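Each remark here refers to the structure printed beneath this line.
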Number of protein chains: 2
Amino acid sequence: MTRPVDFVNPLIDTANRRFFFFSSACRPFGMVNLSPDTVNGGAWGSGYRYDHETVLWFSHVHAWQLAGIPVLPTTGPVQGHLGAEVYKSRFSHEKETVRPGYHALFLDDYQVQAELTSTTRVGFHRYTFPEEAEGDSIPTILFDLGAEVGPSQMSDCQIEKVTSRELVGYVENAPTIRRPKPTRIYFVIQLDQDFNQVGGWRDGELLGAIEQLDGPGIGAYIQFAPNQETHTQDARKPGRIIQMKVAISYCGKEQARLNLDHELSHWDFDKVRAEADEEWNEWLGRIEVTGGSQAQRIKFYTDLYHALLGRRRVSDVDGKYIDNTGDQPLIRQVPLTVQGSPLYEHHNSDAFWGAQWTINVLWPLVCPEITHNFCNTFVDMYKNGGLIPRGPSGGNYTFVMIAPTSTPLLVSAFQKGIRNFDVDAAYKGMIKNHDQAGGLMSKAGYEHDTCIGGGLEYYKDRGYVPTGIQARAYHTQGGTQTLEYAYCDWALGQMAEVRSNTHDADILNHRAGFYEKLFLPEWTSEGQNGFLRPRSKDGSWPAEYDPMSPEGWVESNGWQNMWNVPHDVAGLIKLLGGRNTERDEKSGRERFVERLNWVFEKASEADFLAPHGKHHTNYLDYGNQPSTFVAHLFNYAGAPWLSQKWVRRVMAQAKSDITPYGGYGGDEDQGQMGALNVLMAIGLFNVSGGCNIEPFYEITTPIFDTITIHLNPTYYPGKRFTITCQNQDPENVYIQSAVLNGQSLERPWFYHKELAQGGQLELVLGPKPNYEWGSQPEHAPPSMSGSHQEAPNNRIHPE
Amino acid sequence: MTRPVDFVNPLIDTANRRFFFFSSACRPFGMVNLSPDTVNGGAWGSGYRYDHETVLWFSHVHAWQLAGIPVLPTTGPVQGHLGAEVYKSRFSHEKETVRPGYHALFLDDYQVQAELTSTTRVGFHRYTFPEEAEGDSIPTILFDLGAEVGPSQMSDCQIEKVTSRELVGYVENAPTIRRPKPTRIYFVIQLDQDFNQVGGWRDGELLGAIEQLDGPGIGAYIQFAPNQETHTQDARKPGRIIQMKVAISYCGKEQARLNLDHELSHWDFDKVRAEADEEWNEWLGRIEVTGGSQAQRIKFYTDLYHALLGRRRVSDVDGKYIDNTGDQPLIRQVPLTVQGSPLYEHHNSDAFWGAQWTINVLWPLVCPEITHNFCNTFVDMYKNGGLIPRGPSGGNYTFVMIAPTSTPLLVSAFQKGIRNFDVDAAYKGMIKNHDQAGGLMSKAGYEHDTCIGGGLEYYKDRGYVPTGIQARAYHTQGGTQTLEYAYCDWALGQMAEVRSNTHDADILNHRAGFYEKLFLPEWTSEGQNGFLRPRSKDGSWPAEYDPMSPEGWVESNGWQNMWNVPHDVAGLIKLLGGRNTERDEKSGRERFVERLNWVFEKASEADFLAPHGKHHTNYLDYGNQPSTFVAHLFNYAGAPWLSQKWVRRVMAQAKSDITPYGGYGGDEDQGQMGALNVLMAIGLFNVSGGCNIEPFYEITTPIFDTITIHLNPTYYPGKRFTITCQNQDPENVYIQSAVLNGQSLERPWFYHKELAQGGQLELVLGPKPNYEWGSQPEHAPPSMSGSHQEAPNNRIHPE
């Protein structure tokens, strides 16, 4: 039987992706992300890109705004000082193996077979050098420490010889516009045999033998005298084997050594490779599926793999972590049990922008312990630096994207019973983010030192963030800002209600309705009732409105954003459904469904995708966050069969590629698109991001026969929750009926607490919609304004 | 030349003191407080009490609500299981040496010479056993782990043999009414030679040889086979020397081992003894004095010694500390610099009740780094447990005494520029303590689980805490509660003003005036105008008022508390000075001074002291906190010569004893009375506790010729501040004139910032008051209501 890990193909879509997407020799959420880079320079279009024929090096960190420690085994004259464009080697995919936790390739120019695996914090290299190497051509390993890698230039480096088998040092990632403080990554490098010298270079010039080297622009290399004992015993694979471990830490060299000693005390490469494989299989096996095509299973487990890969650990084995929120970097410690185990781990992460529809829903299902880690990371940073972050990067604040996107993660954790963090502090930190200058709502993208671009004062005063705010910041796009603030306010208000912070809840719930401030009811040429539109400071709207324009919208357009009220779909239906007129006797729900359906028809023409950076060129973009929940809105408007239909269509058209040339659209974004795809594949979703006082899941049609989610017993009393699909078939798109734990389920949704108890959801599928199932207004999922505004006689049966 | 440490006599007043007063083998603020105990049972009247002829054991912790690890070297049949009342040994002061960091005594019953010294976290024992011991009489060391020690019963113990030279384990201090959670102290014990077996006992029964023993009521002993190599080489002192180290930690056995390895890696007892001596000398030498009598210098340095001894470190060498604020004990870590040094240390401490007149003023002068430690301890506990503590005890909250007594410590640190802690968090924590149920103002003494006894709601609503609050708590005494809350509110308001938290400042300053709510203006038989009196819930005062009664006052009476408005002496003078009448044409200041002077005359009849527990039996009690600032009030009322006179009288009558039978009055209280005495001896004080926006010092007459305060360069730009007294003599009580940094000083006070810059205060003394100096109303020290209410023609010249 094929195991979950065996389905994963890390090469999917690697022709297109960005620096941190690919990391082969990496554990789930690993600190070390060891993998070859074929393209360098910047955070986009770099890293491992499939179509490039040369490998520059193997580098150890592929994280949000952090990178470093590139190494390459070579033979022949030392060329390290000449840079990777000179010393890089050709390779071919024919002689390459890529799996979760393992990467093997052959360096044609040096005739070196390189294999990479890792523990969580230690990269493990096994190089097989050619037999005959001698003289200038003896085995050489380059450490191009000073090289720019991915998003980071290196402002400082150090390497020091400790013994003839050990080197220690650090690379210091220089500030970037996104991460404004220098950040060091310390390393300990150990070899399994003596090297006979350490050579160095600085600024392109070879220096000869060194004991220690400091400063930017440096590199080093080690060489190995002939030693027959280290050659393979396998006549079919002759060569000299040299193994190397590279342990890292953000806290210090001794911490890197601690990580090494704790995680990798031996030299058995195959054992580590097997353990990496087994660890991945355990994590991936938390969702077991049967049925579906081979391609669907490959894509499914690769999606799940990305959801568990993208966001890196940054705390050490003993719970030490770097705090870069203040004037000087400080080493801090997560609390330990009296048995000595850290209570949680710290992570590095891109923003949680849009994560309400992806990892905020998936993680609490399959790895609530990671959600718990993040909640604690956020709270610690609040306690250390006064602010819950958007995108923690090696202990830095980075202010990536907009809005307090950490709020929905924290609230959804809280509502699902993941509460083993300092909830009071988290709540205070969120209130600060939502209500005070200096908090995240006052800051737009990468607005480190000012509090202008967030438009918080406008938002509080007028109910919307206007266009035209002048700030040295990215994403000062008032349309999206307004809608996302309103959603985040609602989310925090849900938590405030549970905590009986009624004063706060009243204010937050009021502000959650601010989305209406953007609504201009106006009949367009298509007979559609108005849009949510960006608005000027003076309260006016532009005379001409093109919903395809990106103006006022973050990485999107008006078509994609007109649905962006995930917390109050019922209210949105009232707005967009508009008034009855003589020439239009449809109900509001009908008009809403018609319009949404029309948008899907239009978006399908370009496979529901748009290129990164041109997100506004389609009616929807399922390759980037802003509109990834829209297919599920039909469930709220009495037409669940259309959610079923379009979710399957999106998956088939936009998400099913398993070649290196597609699969994720514009930006996979550290597990977000992977998580989205997993949720669509298993037919569970939540438009409101799990933040309701009683969180719930909306149902669409899964693509597998059975799906078994193994629940974490620390958080959930049930052992597992199983979904079965009778009559599963690509043609059988529509749910005919549903049974939840033996009881007929008429609603296209059910509560998280029902799932947490363990149990079974049985679906019967068919080729035609059952227009009765889930279509009654009282069956609509919960929504802020209530979902039962329309009388039952307004039920929609468009066919 | 005699060094400062040579003046210290730890035996002063040991006939009378409580458990944690005495700790000979202890470093400044040491974690290990190793010393002999002669009396056991409870926190009072136990520990080393001078007049007892037997020593029970040497125990390692003498801290606030924490104790443990009693050991005793013996010979003869093992009697450990029979308890200390059986195995204790006679000793005599003739064969005893007691110095800071060293204690030697001879155990007459066992003929063992025992010497004790320590590093900060490791106790070091050197025992010289008699030559001929053999058979049943071989050298034996008892570890009576399960015994009750001082304040603590032991709810659990463990001891385990690791090697023939090492034992590890812990003692668990059972909950007390004051410290409600069990608290473990872990230990590693190392011997300098092999012991031949470990024996044990449980509940009074010997068990024979053991490898490990667990549970309450256990003990263990080790015995040593004959070994000539370990005997002394000194024919004059024959015997067998056995040395032992006992390292402790609140975090775990391995942490205890870390402390041991880091602090004491060798067996050179004399070296450690000399280092302890030198460390004490360095700390004590931060104030150098010349002149005064030998007795005065002995008392002065012993006072300073107590101010630097009482409050124990509880974090480990690597900055790990135990957090007992939550559901389970957690090990946490203070932040480290990237060089690996902890930024601060955590402390254990009795409350800071009254510390505004003692260590809050002295520590920022001589050891601001300790103030800094405490600020950070408070903030960490706030971040960990949601509350800034009153009396942190091994990571526990203890709620000792009343009021948010941590506020004046934090504010005075802040105002003096000690700001290397999370000031925002500290401020928030203080606001919580002052304004919310659950905060310290809502809790009276040891009120762990309720928020009744603090009377916060009454205080906010009516302006005073009434008498008669029913709560399961100590010290629900509304008179003192009201006055101390008002003072603490003022202190926090001063910080709020600096921080521009004007809304908070307005409220706090308003509440700072609540002391007036207790004032009932009524002419008494002595012709005096009213008292501050405890008040009932209905707003009434009792018909009969006896200011000597303790009712409504914490450890004091109405006479002592009628002055307790340290932040607004000017306002108090207005109240107590009362109205002019035909039969009394004196000014308010004159009447205030007359009345205060009368109280001093009365209090002097019993040497300004009252027995502990009977604090109400004198008009003032300079042996306990509540009235220890009163002598300095004359400075505010235009009669500085009376502050000069009474401070010298208090010192002479109440504080000058250097025998084991006096010196501190009722309760030295972990350095508080020591600090008070130091301040009075050097002639610097501050009634308002250093919390003013510009902190200052009031001047009285020092008892030395010169006083040099060496300033900590981390906090203060000046190297030293020197005070000189021309014509110093016991008879020359009065300041004739003052010169500060070359400028004539007319005020009896000067600013902290003037001291911090370094410089010199030159005083000229004489036998009669100079009524001009410092007596002008405009020369009065700053006070909340302003100090210039009276016209200059109301100047007071009572003689």
Side-chain angles (χ1 to χ4, degrees), chain A residues 158 170 172 182-184 186 249-255 258 315-316 318-344 376 379-387 395 419-429 431-432 436 438, chain B residues 156 170 172 182-184 186 249-255 258 315-316 318-344 376 379-387 395 419-429 431-432 436 438:
Chain A
Q158 186 185 85
Y170 61 80
E172 184 178 86
T183 303
R184 288 186 180 179
Y186 297 89
S249 164
Y250 291 88
C251 293
K253 298 170 205 168
E254 288 312 309
Q255 287 295 117
L258 186 76
S315 54
D316 291 329
D318 63 346
K320 288 235 167 49
Y321 67 94
I322 195 74
D323 167 21
N324 246 318
T325 64
D327 297 334
Q328 60 168 325
L330 293 176
I331 298 163
R332 296 187 187 264
Q333 166 88 49
V334 304
L336 304 171
T337 65
V338 291
Q339 287 76 35
S341 314
L343 277 186
Y344 49 84
N376 280 288
V379 169
D380 281 349
M381 289 185 76
Y382 172 64
K383 291 183 176 182
N384 298 338
L387 203 65
R419 297 186 182 183
N420 42 1
F421 57 96
D422 187 336
V423 170
D424 284 344
Y427 182 78
K428 282 184 198 158
I431 289 288
K432 177 175 180 182
Q436 292 177 27
Chain B
D156 192 16
Y170 60 80
E172 184 177 87
T183 303
R184 286 185 181 180
Y186 296 89
S249 164
Y250 291 89
C251 293
K253 296 171 204 167
E254 289 312 309
Q255 287 294 117
L258 186 77
S315 54
D316 290 330
D318 63 345
K320 288 234 168 51
Y321 67 94
I322 195 76
D323 166 21
N324 247 319
T325 64
D327 296 335
Q328 58 168 327
L330 293 176
I331 298 164
R332 297 186 187 264
Q333 166 87 50
V334 303
L336 304 172
T337 65
V338 292
Q339 287 76 35
S341 314
L343 279 185
Y344 49 84
N376 280 289
V379 169
D380 281 349
M381 288 184 77
Y382 173 64
K383 291 184 176 182
N384 298 339
L387 204 64
R419 297 185 182 183
N420 43 0
F421 58 95
D422 187 337
V423 171
D424 284 344
Y427 182 77
K428 281 185 199 157
I431 289 288
K432 176 174 179 182
Q436 291 177 29

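Computed from a predicted model, the values in this text were never measured in an experiment. Excluded from the calculations below are hydrogen atoms, water molecules and symmetry mates; all remaining heavy atoms, backbone and side chain alike, are included.
Residues from residues 323-330 of chain B that place a non-hydrogen atom less than 4.5 Å from a non-hydrogen atom of chain A comprise Q328(B), P329(B), L330(B), given in numerical order. Contacts from residues 421-429 of chain A to chain B, taken as heavy-atom pairs separated by less than 4.5 Å, involve D422(A), K428(A) in sequence order.
Looking at V334(B), the atoms closer than 4.5 Å to chain A (heavy atoms on both sides) all sit in the backbone: N, CA, C or O.
Nearest heavy atoms, I331(B) versus T337(A): CD1-O, 3.5 Å.
L336(A) pairs with exactly one of K320(B), Q333(B), R332(B) by the side chain to side chain contact (heavy atoms under 4.5 Å, CB included) rule, that one being K320(B).
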